[in-house]
Asker: 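Attaching a single structure in structure tokens format; questions to follow.
Scope of the values below: all heavy atoms of this structure, side chains included, with no hydrogens, waters or symmetry mates.
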Amino acid sequence: MIEKNYQPADIESRMSRIWDESGAFKAGRPERKGAEPFTIVIPPPNVTGSLHMGHALNNTLQDILCRFERMRGRDVLWQPGTDHAGIATQMVVERQLMERQEPGRRDLGREKFLERVWQWKAESGGTIINQLKRLGASCDWSRERFTMDEGLSRAVVKVFVELHRQGLIYKDKRLVNWDPALVTAISDLEVQQVEVKGHLWYLRYPIEGKNFSPDDPTSFIVVATTRPETMLGDTGVAVNPDDERYTNLIGKNVILPLVGRKIPIVGDEISDPEKGSGAVKVTPAHDFTDFEIGKRHGLPQINVFDKEACLTLVDNEDYLRGLPEGASQLAEELNGLDRFVARKRIVARLEDFGFLEKIEPNVHMVPHGDRSNVVIEPYLTDQWYVDAKTLAAPAIAAVRSGATTFVPKNWEKTYFEWMENIQPWCISRQLWWGHQIPAWYGPDGKFFVAETEEEAVGNALGYYVEQEVITPEQGAEMARDASKREGFITRDEDVLDTWFSSGLWPFSTLGWPDETPEVQRYYPTNVLVTGWDIIFFWVARMMMLGIHFMEEAPFSTVYIHRLVRDEKGAKMSKSKGNVIDPLGVIDDYGADALRFALARGAAHSHDIKLSPQLVETNRNFATKLWNACRFAEMNGCAMPADFDPANAQETLNRWIAHETSRATREVTEAIEGYRFNDAANAMYRFVWNVYCDWYLELAKPVLTGEEGTAKAETRAMVAWARDEILKLLHPFMPFITEELWAVTAKRDGLLVLADWPRKAGALSDEQLASVVTTSPSDAVIPSVILALDAGEFSDPEAEAEIGWVVDLVTAIRSVRAEMNIAPSVLTPLVLAAASDESKARAQRWIDTVKRLARLADVSFADRAPEGAVQLLIRGEVAALPLKGVIDFAAERSRLEKEIGKADGDIKRVDAKLGNEKFVANAPEEIVEEEKEKREAALARKTKLQEALERLKRAS
RNA sequence: GGGCACGUAGCUCAGCGGGAGAGCACUACCUUGACAUGGUAGGGGUCACAGGUUCGAUCCCUGUCGUGCCCA
């Protein structure tokens, strides 16, 4: 029994439980052993995260695919889980410690702190997973994984060690993006370029050997910089070799103001004569461009900052080297200052001595850490790197060859662009939470990489014994007792970038490096679904590592969806306060409504603009479906076991079978093509505008009429079409459809595992195989094809008849509305000179048409009565005698307008047909169509003119 | 500066070579036995602009203008 009101909250909690208990989402269900697998790995959300609209969209789309394929009989594995989010998690736990006024991270020490992180994870790490369940995500929750799990960690170590052995992981001293607040390196992708209103400082650098005077331009060269404080680390000045102002200066030296360091002027193409003064200071240790310039010209790298981006000058050998007496005074004065305080001091000091020429306002992009939101410092450190360029080559090739394809295809260009310009990937992070790097250092800094401490230590001790640093006895002792080697052999403190482990996700979650049956069966996966904003995080990493270790790309398709924005098109952000919380929306309107709203908006070329109102609209759709099912129930609609829609006798029933078949085809093809919006919108139209608006309305007289075969068949068909609708809608609106499935009939099983309505002409792989194996000489048509032909239901005659009814009813309603005829007034209808076919149709539909068009009765006549409103329905006149009601002038102008339209059509077609080139060049069927159009328009015009004549006579 | 999109009804978007569409919003009427979270009807668009290709362009090409995003 269906409840009177649709209440999503009730249904959703109940269905979640039922699905969970049934094990419906589990991969490898025994009855699907022989089925083809369908695999999606979830792009692992951050364990600290909570569900935002982006997740809601991303997972709705994945769920549509999974439920669709599950209903098509595939063995679906949707692999869920979260990543450990090194920086974010560490920040969350540190904040928690602070709020609780407990000892901080450094006070606790590494081991204790990590215990706290695990404790936090146990308590709060399941948030987003539970939220995904509320959305209805049909993941195999029994297989949930976490990137710090034992197995996945083993995969990480193995990958690190192997890549290192292959020379694809190495240690290097390069500039990294350094976050001075979090005190760690971060990746390019964690850096946000933010437009900042800054300044351009023009500084005078005195030329060696000249007497510096601010009034003598030949005594100095002007450099422009956005970061004057870095001048302490300058080791050169670069000018463009083609810049005539400076060519004579190349090779000379300048004396660095305040510092006194002698640094060369070099010629380098990178210097843009148009920009600033045309000369730039070169600070190789603090700027990516300068680093390259420095390398080209052999300039030293002088690092003047510490890890927190405070000046470190005292005891800084690189800085002090070669400086004149008195330099240490400045060093002491500035030492320890924050970079922005230092900037002010240095600028003031430069100004005092006449070294500051001018300051211009300058809007420029400044890198910020996306977590800490502080300015990122290019910083010279030792870090571990992955040779991404080498790994990228096969990843590029996989897309070029079509082994992996992007949907929509144009994202491939972005992918190539990025992959072809990929930089070495810095994978070490100065954090505690994460996979600690499996490298051990000896006293001389030499490192030993191995999968286990035992192995690494063994190698190290062997080496140092051989080098006679220690005796064999000492070595044996240290090998036996870990405390003995403390301080001699130490493990690398750093951990790996979270993405290093996420990159392994498509196979580490399946049990790799163990040779599990799951790896065999579910790798490679079918599709990765992700937003374009993070294409490089997931796609690139998973592609590179997947191909390298599994010898096959991790997914054959990458579906890129757009972003969810607010109703005005602005990106949702906490600071703007325009965030729509998916859970709030689910509370208000239900998960099904949210999912359907997202799916209907998920077009390929646009971001989705979402508003609560839009979700409400889709909740209304759910209500509509609910009430349609209630209607069916109240009318005793049920499907006998042996019911076959293809054998229906009633035209109306054949028509809805025809329309259902068409909807099935549309929806199936749209999902197959990842056109979620087309699929959802096709269902919206079919349910509302076909099933509810016409089929149920037209069926009402039968359902409320006398018992008999027609009524029995209609009851069965109403139920059949309803079931097809529930199936077709299930991937989009799983909760309501499952509920309605359960309450509308006695079922063999859950809807989630029911068979997808067969698309006309589509063969399952199994069926295909059986067709293919049938030898061509075999005259027997495989039975499977016959069965499928029956499944493709088409009935143009039924379509024509119901179309006629629809047109008639619509036209009468329209004219009644125009003439302001009250609904309570029933009018007669006269069909003039009706064909036998129309007469027969009218007889069959008389009750329905009377009801829907509010008619008193229907009769036939040779011609329309005098003074009637005359409607043209599919070439024949239907008249409403409305003496006393009809406004002759208005009716005349209506008919004249109609005639005008017909005339316009004829003229347009005549223009075409009169054009020799058209007749000669256009395809025959188009010409034929145009001729038919002309005929039709002409016939319409003739009839309308007759009607007008009659009207004139009457008035 | 380089790249990718996108300018179609008030709004959000579909259509992408042969008669301009949907949803929402709006207007009018309707509490008719599934549904007012509803029904019926209606108004509303030189498909950004300019060229070109074509028998024919909202659709393909070029350019202009405008908008958004990504990378420098």
Asker: Rounding to an integer number of Å, can you tell me how far A:Ile422 CD1 sits from B:C71 C1'?
Answerer: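 These atoms are roughly 14 Å apart.
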Asker: In whole angstrom, give the distance that lies between atom CD of A:Glu195 and atom P of B:C70.
Answerer: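 The distance from CD of A:Glu195 to P of B:C70 comes to 12 Å, rounded to the nearest Å.
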Asker: Nucleotide by nucleotide, 5' to 3', does protein get under 4.0 Å of the base (B), only the sugar-phosphate (S), or neither (-) in nucleotides 30-40 of chain B, counting heavy atoms?
Answerer: S---BB-BSSS
Asker: Quick check on RNA chain B: between A:Gln193 and A:Glu417, whose nearest nucleotide comes earlier from the 5' end?
Answerer: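 That would be A:Glu417.
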Asker: Between A:Lys901 (NZ) and B:A20 (P), how many Å, whole number?
Answerer: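 Rounded to whole Å, this separation is 12 Å.
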Asker: Holding to side-chain contact (heavy atoms from CB on, under 4.5 Å), I want the full list of residues that pass it with A:Arg908, two or more places apart in sequence or in another chain.
Answerer: A:Asp905
Asker: Quick one: on RNA chain B, does A:Val919 or A:Tyr684 contact a more 5' nucleotide (nearest heavy atom)?
Answerer: A:Tyr684
Asker: Any salt bridge linking A:Glu292 with A:Lys295? Criterion: basic side-chain nitrogen under 4.0 Å from a carboxylate oxygen.
Answerer: no
Asker: Side chains of A:Asn177 and A:Asp188: is there a donor and an acceptor less than 3.5 Å apart?
Answerer: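 Per modelled atom types, A:Asn177 and A:Asp188 side chains form a pair under 3.5 Å.
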Asker: Just by distance, with hydrogens left out, do A:Arg715 and A:Asn635 show a side-chain donor and acceptor under 3.5 Å apart?
Answerer: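 Side chains of A:Arg715 and A:Asn635: no pair found under 3.5 Å.
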Asker: Checking A:Asn653 against A:Thr714: is there a side-chain donor and acceptor pair closer than 3.5 Å?
Answerer: yes
Asker: Will you find, in the side chains of A:Asn618 and A:Tyr684, an N or O donor that is under 3.5 Å from an N or O acceptor?
Answerer: no
Asker: Once side-chain contact (heavy atoms from CB on, under 4.5 Å) is applied, do any residues pair with A:Ala622, and if so which ones, sequence neighbours excluded?
Answerer: A:Tyr6, A:Met733, A:Ile736
Asker: If you look at every strand shown and take non-hydrogen atoms under 4.0 Å, does A:Gln613 touch a base, only sugar-phosphate, or nothing?
Answerer: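 Sugar-phosphate, no base atom in range.
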Asker: Starting at CD of A:Glu818 and ending at P of B:A28, how long is that distance when rounded to a whole Å?
Answerer: 17 Å
Asker: Check whether any side-chain N or O of A:Thr60 sits under 3.5 Å from a backbone N or O of A:Arg595 as a donor-acceptor pair, and report yes or no.
Answerer: no
Asker: A:Ile812 has an atom CD1; how far is it from atom P of B:C29, in whole Å?
Answerer: 23 Å
Asker: Per the side chain to side chain contact (heavy atoms under 4.5 Å, CB included) rule, which among A:Val858, A:Asp857, A:Leu871 passes with A:Leu829?
Answerer: A:Val858
Asker: When you compare B:G43 with B:C26, how far apart are their C1' atoms, in angstrom units rounded to a whole number?
Answerer: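 Rounded to whole Å, the distance is 9 Å.
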Asker: Using atom C1' in both nucleotides, what's the gap between B:U32 and B:G38 to the nearest angstrom?
Answerer: 12 Å
Asker: Determine the contact category for A:Asn915: base if any of its heavy atoms lies under 4.0 Å from a base atom, sugar-phosphate if only primed atoms, P, OP1 or OP2 are that close, otherwise nothing.
Answerer: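 Sugar-phosphate, no base atom in range.
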Asker: Just how far, in rounded Å, is C1' of B:G3 from CD of A:Glu420?
Answerer: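 The distance from CD of A:Glu420 to C1' of B:G3 comes to 13 Å, rounded to the nearest Å.
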Asker: Check the side chains of A:Asn677 and A:Arg600 for a donor-acceptor pair under 3.5 angstrom, ignoring hydrogens and angles.
Answerer: no
Asker: For B:C4 and B:G45, measure between their P atoms and round to the nearest Å.
Answerer: 36 Å
Asker: If we check ring pair (Phe, Tyr, Trp, His ring centres under 6.0 Å) with A:Phe621, which of these qualifies: A:Phe596, A:Phe686, A:Trp626, A:Phe732?
Answerer: A:Phe596
Asker: Nearest whole angstrom, please: distance from the C1' of B:G23 to the CG of A:Asn618.
Answerer: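 Going from A:Asn618 (CG) to B:G23 (C1'), I get 9 Å.
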Asker: For A:Lys4, check side-chain contact (heavy atoms from CB on, under 4.5 Å) against everything at least two apart and list the hits.
Answerer: A:Arg630
Asker: If you measure from the C1' atom in B:U53 to the same atom in B:U40, how many Å do you get, rounded?
Answerer: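 That atom pair is separated by 47 Å.
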Asker: Where does RNA chain B form stems of at least three consecutive Watson-Crick or G-U wobble pairs, each pair having both distances below 3.5 Å?
Answerer: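 Detected stem regions: B:1-7 with B:65-71, B:10-13 with B:21-24, B:26-30 with B:38-42, B:48-52 with B:60-64.
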Asker: Distance between the P atoms of B:C49 and B:U58, in whole angstroms?
Answerer: 10 Å
Asker: Taking atom C1' in both B:A5 and B:A9, what distance in whole Å separates the two?
Answerer: 23 Å
Asker: Please give, in whole Å, the distance from B:A20 C1' to A:Arg908 CZ?
Answerer: 11 Å
Asker: Mark up nucleotides 4-18 of chain B, 5' to 3', with B wherever a protein heavy atom is under 4.0 angstrom from a base atom, S wherever such an atom reaches only the sugar-phosphate, and - elsewhere.
Answerer: SSS-----SSS---B
